[in-house]
Number of protein chains: 2
Amino acid sequence: MSIRLVIADDQALVRGALAALLGLEPDIEVVAELGDGTGVAAAVVEHSADVAMLDVEMPGLDGISAAAAVRRAAPSCSVLMVTTFGRPGYLKRAMLAGASGFVVKDTPARQLAEAVRKVHQGLRVVDPALAAESLTAGDSPLTDREAEVLKAASDGGTVANIAKAAMLSEGTVRNYLSAAMAKTGGRTRAEAVRIAQDNGWLL
Amino acid sequence: MSIRLVIADDQALVRGALAALLGLEPDIEVVAELGDGTGVAAAVVEHSADVAMLDVEMPGLDGISAAAAVRRAAPSCSVLMVTTFGRPGYLKRAMLAGASGFVVKDTPARQLAEAVRKVHQGLRVVDPALAAESLTAGDSPLTDREAEVLKAASDGGTVANIAKAAMLSEGTVRNYLSAAMAKTGGRTRAEAVRIAQDNGWLL
DNA sequence: CACCGGTCATGACATTTGTCATCCCGCATT
DNA sequence: AATGCGGGATGACAAATGTCATGACCGGTG
């Protein structure tokens with residue numbers, strides 16, 4: 001019996017190519033393709049899928065949240081995360097959300113079908129390079145509010161704007177940004193944002 | 001006789017899927033796959049390719065420069081740009097560099113092969129939505145140095161660092177950043193960076 | 001030639017950031 | 001009850017940033 005697969009990726013080209021490629025495998029059947037994360041859990045249930053392949057970066061519901069939703073709605077369905085950027089923080093968060101596998105889009109295409117089969121068998125699949133990086137990188141040092149403020153700062157607004165958006169006093173915002181800069185090692189707010197993003201500490 | 005195609009994209013997964021997908025077409029033959037832009041022109045010449053499909057964002061040589069290199073080395077080879085982000089500025093720059101087509105990765109997979117055929121016939125293929133956006137967005141208002149300094153600022157360094165990197169005085173850097181902020185409409189340097197990037201004015 | 005725009009630079013200035021010390025509160029651990 | 005930690009806030013101060021006027025040089029263009 002073939003593996004029933006749901007694919008979610010916001011880039012139609014990638015999604016289509018992936019579906020075509022994996023659909024060629026005799027033991028894999030692509031039962032649904034989604035362009036965002038919102039409908040994934042429902043689609044998994046509707047088609048009684050065995051494996052869900054999710055991109056981390058998606059409009060609507062992000063891949064991590066979507067993974068959690070899938071696990072809640074259909075515990076028998078394994079989740080394989082596929083991502084463009086090898087952000088160490090994503091790996092850990094995806095695992096905590098119940099994902100069984102995590103591969104970057106740099107993976108040779110042939111290994112993909114194999115990864116799908118492995119997670120379906122209940123095995124865990126993790127990109128080795130990324131796993132190593134994840135260990136050295138460690139957890140996010142940021143508290144929830146620090147991450148929140150830093151994320152609010154990520155599109156370049158002023159302290160006043162961030163304060164308004166986060167319902168905080170300007171001084172408090174500066175304190176959080178200062179703390180975030182100290183913890184990330186960045187010298188400016190913008191640098192801190194970049195570092196945190198590269199490590200997958202925001203979202 | 002089949003169309004000889006060279007594919008360059010930094011994501012192995014995408015590249016492989018694209019190659020597999022297009023290779024299935026009876027009239028298309030994928031003769032080379034590259035992971036960066038540096039070897040594209042050489043590969044085109046070596047395999048006497050008819051069409052080169054290039055990603056804009058690539059390590060090493062970016063897609064725009066690679067397109068120009070291909071046109072120089074092999075004027076008979078058409079270039080089709082494929083990009084993740086629909087940055088209006090990219091479109092214009094790609095066209096100026098000699099590209100015949102420009103599609104985003106949101107394009108339905110089936111239209112891709114058709115796009116390859118069209119550029120091979122000498123036709124131009126442009127994503128309609130992007131073309132419209134490109135018209136309203138207009139050209140980059142930034143001068144070369146302004147863009148250069150803004151780009152140097154894009155990873156969050158201080159004025160002092162940017163000045164050192166660009167071999168300019170700190171005051172000059174501040175002037176350029178100020179001008180860039182005025183032209184982009186951003187209130188802070190970080191916002192100006194974001195706006196310029198979204199419009200494809202950097203690179 | 002005179003003019004303009006882009007490049008590079010100074011200096012002065014107002015504003016915004018970043019840093020720090022110091023509070024208060026609530027909550028969990030001990 | 002005491003301690004520690006995170007959230008939230010204030011105020012003061014130093015450093016960085018953004019703004020503006022001004023001037024010089026150069027290359028193209030009317």
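Sequence lines set the chain letters: A, B, ... in the order given, protein chains first and strands last, and positions in each chain run from 1.
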Starting at CG of A:Leu168 and ending at P of D:dG6, how long is that distance when rounded to a whole Å? 17 Å
When every non-hydrogen atom of B:Val82 is compared with those of B:Lys105, the smallest separation belongs to CG1-CG, 3.7 Å
Between D:dA16 (P) and B:Lys164 (NZ): distance, integer Å: 12 Å
State, to 0.1 Å, how close A:Ala67 and A:Met81 come at their nearest heavy-atom pair, and which atoms those are. CB-SD, 4.1 Å
Any side-chain heavy-atom pair from A:Phe102 and A:Thr83 closer than 4.5 angstrom? yes
Please report, rounded to the nearest Å, how far the P atom of D:dA16 is from the CE atom of A:Met181. 11 Å
Nearest heavy atom decides the nucleotide; on that basis, is A:Lys183 or A:Met167 closer to the 5' end of DNA chain D? A:Lys183
Closest to the 5' end of DNA chain D, once A:Asp144 and B:Ala179 are matched to their nearest nucleotides, is A:Asp144
Distance in angstrom units between A:Arg145 CZ and D:dC5 C1', rounded: 14 Å
In terms of side-chain heavy atoms of A:Ser178, which of D:dA9, D:dG6, C:dT19 is nearest? C:dT19
Quick check: any donor-acceptor pair below 3.5 Å linking the side-chain of A:Arg174 to the base of C:dG18? yes
Measure from CG on A:Leu142 to P on D:dG7 and round the result to the nearest Å. 10 Å
5'-most by nearest nucleotide on DNA chain C - B:Tyr176 or B:Thr188: B:Tyr176
Over all heavy atoms of both residues, which pair between B:Val31 and B:Ala49 is shortest? Give the atoms and the distance, please. CG2-CB, 4.4 Å
Send over the distance from A:Arg187 CZ to D:dT17 P, rounded to a whole Å. 12 Å
For atom CD of B:Glu146 and atom P of C:dA9, their distance in whole Å: 15 Å
For B:Thr143 and C:dG6, is the shortest distance between a side-chain N/O and OP1 or OP2 below 4.0 Å? no
Does D:dT17 have OP1 or OP2 under 4.0 Å away from a side-chain N or O of B:Thr158? no
Taking only the side-chain heavy atoms of A:Asn175 (C-beta and beyond), determine which of C:dT7, D:dG18, C:dA21 contains the nearest atom. C:dA21
Nucleotide of C:dT10, D:dG18, D:dA9 approaching B:Arg189 most closely (side-chain heavy atoms): D:dG18
Minimum-distance nucleotide (side-chain atoms of A:Leu177 versus D:dT19, C:dG18, D:dA9): C:dG18
May I have the distance from B:Leu150 (atom CG) to D:dG18 (atom P), rounded to whole angstrom? 11 Å
If we ignore angles and hydrogens, is there a donor and acceptor under 3.5 Å between the side chains of B:Thr172 and B:Asn175? no
